[in-house]
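Below: the structure, in structure tokens.
The chains referred to below are lettered A, B, ... by the order of the sequence lines, with proteins before strands, and numbering in each begins at 1.
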Number of protein chains: 2
Amino acid sequence: MSQQRAQSSGVASGGGPGFPDLPEATVARLPEYLRALHNLADAGHDTVSSEGLATAAGVNSAKLRKDLSHLGSYGTRGVGYDVTLLIEQIEQVLGLHETRAVALVGIGNLGHALARYAGFASRGFHIAALFDADRDRVGELVNGMAVRHMSDIAAVVADEGISIGVIATPADAAQVVADDLVAAGVTSILNFAPCVLAVPDGVDVRKVDLAIELQILSFHEHRKSTLTALPAKVVGQ
Amino acid sequence: MSQQRAQSSGVASGGGPGFPDLPEATVARLPEYLRALHNLADAGHDTVSSEGLATAAGVNSAKLRKDLSHLGSYGTRGVGYDVTLLIEQIEQVLGLHETRAVALVGIGNLGHALARYAGFASRGFHIAALFDADRDRVGELVNGMAVRHMSDIAAVVADEGISIGVIATPADAAQVVADDLVAAGVTSILNFAPCVLAVPDGVDVRKVDLAIELQILSFHEHRKSTLTALPAKVVGQ
DNA sequence: CAATGTGAAATGCTTCACAGCG
DNA sequence: CGCTGTGAAGCATTTCACATTG
């Protein structure tokens, strides 16, 4: 897993009214179900069985049913799930009804690509501001939006109601940026820099490290080549 | 978790000679330990305690010790771990001694950024070829390397000894690309397209979906705002 | 009667707590 | 004496298997 959660601050138990406290593993899969459901809806399906949705989302059906059961009982026995209703419910739980404003910090290679990535907007996120520490880049237009200097962060985060920050800076700048984001009021961070961030309780951090993903695959390559070098039984192919 | 493993083909038990079969969770953390160790080495440290390394890697020390114990006994009681030796061991286990050749498919926004990302090369990966299905893009130079057409994949994968493919295409092209990569002999895939890939047993897939990461954070934002709207106890801040 | 929702079993992972070693 | 390595306990997640229901 290449993610990192802030030390979870203990999710005030019991769950508030109407707020089921889902297992983290379930939360991480809901977006995948949601995507699969949108595909099914586009393909004209009105209902789908746990088996069908599970296949579309790449999990097994028992897991899917257990995940969905945490949201409540939205299936019909003998039939399956109503696609539209389930989309509605999952979006509700994920808090996707209100569009969330995102600040993107670090407009280098990756930052440019992220700023232009259409997948964010199409899934309910609005990149509301771009920041960089380099004054030479300030003012540059990326995807129609001007890059601003880090020193504006506090004001812009407040003005735009930004709650999520994306860090795409080099590793040595990331902690300072995280501190600035938190000071400005951001409470969730997606970190692409290859380093560990320290943040206060109550701030959530997820990490995506491209090189780590490759290293994990490297391990499996290494394992496979070691195993096939032996007379061990190879499954499949 | 935003990753997806191919249905694990059963990791021939017992582990071959000299090949410890590590828990997946441990494998996923080793690259993080490795990065922390390199930082420590650069900072001039010869040894490090489990406590120190755990802090640098953002985990707790018991977990770190258990993870490392799977590799064998490379620590010294009363002292800690030899930084250089441990780097050596982890790189060994991850199969990072041989530089691995990577094919990158889909030279759009994200593909450009990945092609230029220095973090791959610096951590033992060599982007050996770039591919795109769009003939208008074929021949374009990205980071000094010419983009080739998908139809060359089989030949190039064989020539360059490529074992890992990175898919940065739109979702609707990804499955075809995956099939082509697998047919060409690639046995590990890192998928940035927002879709589930079907691959044969023996092929490993990891998935990175940027929008899913944001949706997970959105859930936590939603939860936090729901909770703070109540008189519930908020930890920390 | 097909397919959900769910107790209960099985597995895997994390954390504790300390014996044992350098 | 400090720190590693590790059984054992504690949690979380997955899977099984079936009673239940529309």
Side-chain angles (χ1 to χ4, degrees), chain A residues 1-8 10-11 13 20-30 32-33 37 40 45-83 85-86 89-90 216, chain B residues 1-5 7-8 10-11 13 15 20-30 32-33 37 40 45-83 85-86 89-90 216:
Chain A
M1 211 172 322
S2 66
Q3 279 76 23
Q4 156 210 14
R5 286 276 328 280
Q7 48 281 40
S8 100
V11 176
S13 62
D21 60 357
L22 309 169
E24 266 303 306
T26 296
V27 172
R29 281 186 298 263
L30 289 179
E32 196 71 59
Y33 302 157
L37 284 164
L40 288 166
H45 291 72
D46 292 333
T47 65
V48 64
S49 68
S50 65
E51 194 64 50
L53 182 52
T55 303
V59 303
N60 82 37
S61 64
K63 183 150 52 178
L64 178 119
R65 284 199 303 279
K66 182 139 289 187
D67 282 341
L68 294 186
S69 76
H70 291 297
L71 310 186
S73 210
Y74 296 111
T76 307
R77 292 169 197 243
V79 179
Y81 300 91
D82 181 288
V83 172
L85 174 63
L86 199 48
Q89 289 305 323
I90 294 179
I216 295 171
Chain B
M1 226 166 311
S2 66
Q3 278 78 21
Q4 156 210 12
R5 286 275 328 278
Q7 47 282 40
S8 99
V11 177
S13 63
D21 60 357
L22 309 172
E24 266 303 306
T26 296
V27 172
R29 283 186 296 262
L30 289 179
E32 195 71 57
Y33 302 157
L37 284 164
L40 288 166
H45 292 73
D46 292 333
T47 66
V48 63
S49 68
S50 65
E51 195 63 51
L53 181 52
T55 302
V59 302
N60 82 37
S61 63
K63 182 149 55 178
L64 178 119
R65 286 200 302 280
K66 183 138 288 190
D67 282 341
L68 294 186
S69 76
H70 291 296
L71 311 186
S73 213
Y74 297 111
T76 307
R77 291 167 198 246
V79 178
Y81 300 91
D82 180 289
V83 172
L85 174 64
L86 199 48
Q89 289 305 323
I90 294 179
I216 295 171

How long is the span from the CG atom in Leu68(B) to the CG atom in Leu64(B), to the nearest 0.5 Å?
4.5 Å
Protein within reach of the bases, or only the backbone? For nucleotides 17-22 of chain C, mark each nucleotide 5' to 3' as B, S or -, using heavy atoms under 4.0 Å.
B-BBBS
Could you state the atom-to-atom distance from CG of Leu22(B) to P of dC13(C) in whole Å?
11 Å
Nucleic acid contacts - residues 66-75 of chain B versus DNA chain C, non-hydrogen atoms under 4.0 Å
Lys66(B)
When you compare the side chains of Thr26(A) and Asp67(A), does any donor N or O come within less than 3.5 Å of an acceptor on the partner?
yes
Rounding to a whole Å, what distance do you find between Leu64(A):CG and dT14(D):C1'?
13 Å
Under 4.0 Å between a side-chain N/O of Asn60(A) and OP1 or OP2 of dT15(D), yes or no?
yes
What is the distance, rounded to the nearest whole Å, between atom CG of Asp21(B) and atom P of dC13(C)?
11 Å
Using the side chain to side chain donor-acceptor pair (under 3.5 Å) rule, collect all pairs that involve residues 68-77 of chain A, keeping only residues at least two apart or in two chains.
Tyr74(A)-Gln89(A)
Nearest whole angstrom, please: distance from the C1' of dT4(D) to the CG of Leu86(B).
13 Å
Whole angstrom is fine here: how far is it from CD in Gln89(B) over to P in dT4(D)?
17 Å
Test side chain to side chain contact (heavy atoms under 4.5 Å, CB included) on Thr47(A) and Tyr81(A); report intermediate values, then the result.
CA-CA 5 Å; Thr47(A) 65; Tyr81(A) 300 91; over 6 Å; no
Atom CD of Glu24(A) and atom P of dT13(D): how far apart are they, to the nearest Å?
8 Å
Do the side chains of Leu71(A) and Leu22(A) get nearer than 4.5 Å, heavy atoms only?
yes
If I take atom NZ in residue Lys63(A) and atom P in nucleotide dG12(C), what distance separates them, rounded to the nearest angstrom?
12 Å
Got a list of side-chain donor-acceptor pairs under 3.5 Å for residues 49-59 of chain B, not counting sequence neighbours?
unit_1	atom_1	unit_2	atom_2	d
Ser49(B)	OG	Glu51(B)	N	3.4
Ser49(B)	OG	Gly52(B)	N	3.0
Ser50(B)	OG	Arg65(B)	NH1	3.1
Glu51(B)	OE1	Ser61(B)	OG	3.3
Thr55(B)	OG1	Glu51(B)	O	2.9

Side chain to side chain contact (heavy atoms under 4.5 Å, CB included) filter on Asp46(B), not counting sequence neighbours, yields none
Closest non-hydrogen atoms of Leu37(B) and Leu86(B), given as atom of the first, atom of the second and distance, are CD1-CG, 3.8 Å
dT4(D) phosphate, OP1 or OP2, under 4.0 Å from Ser50(B) side-chain N/O:
yes
Measure the distance from CD on Glu51(B) to C1' on dT15(C) and round it to the nearest whole Å.
13 Å
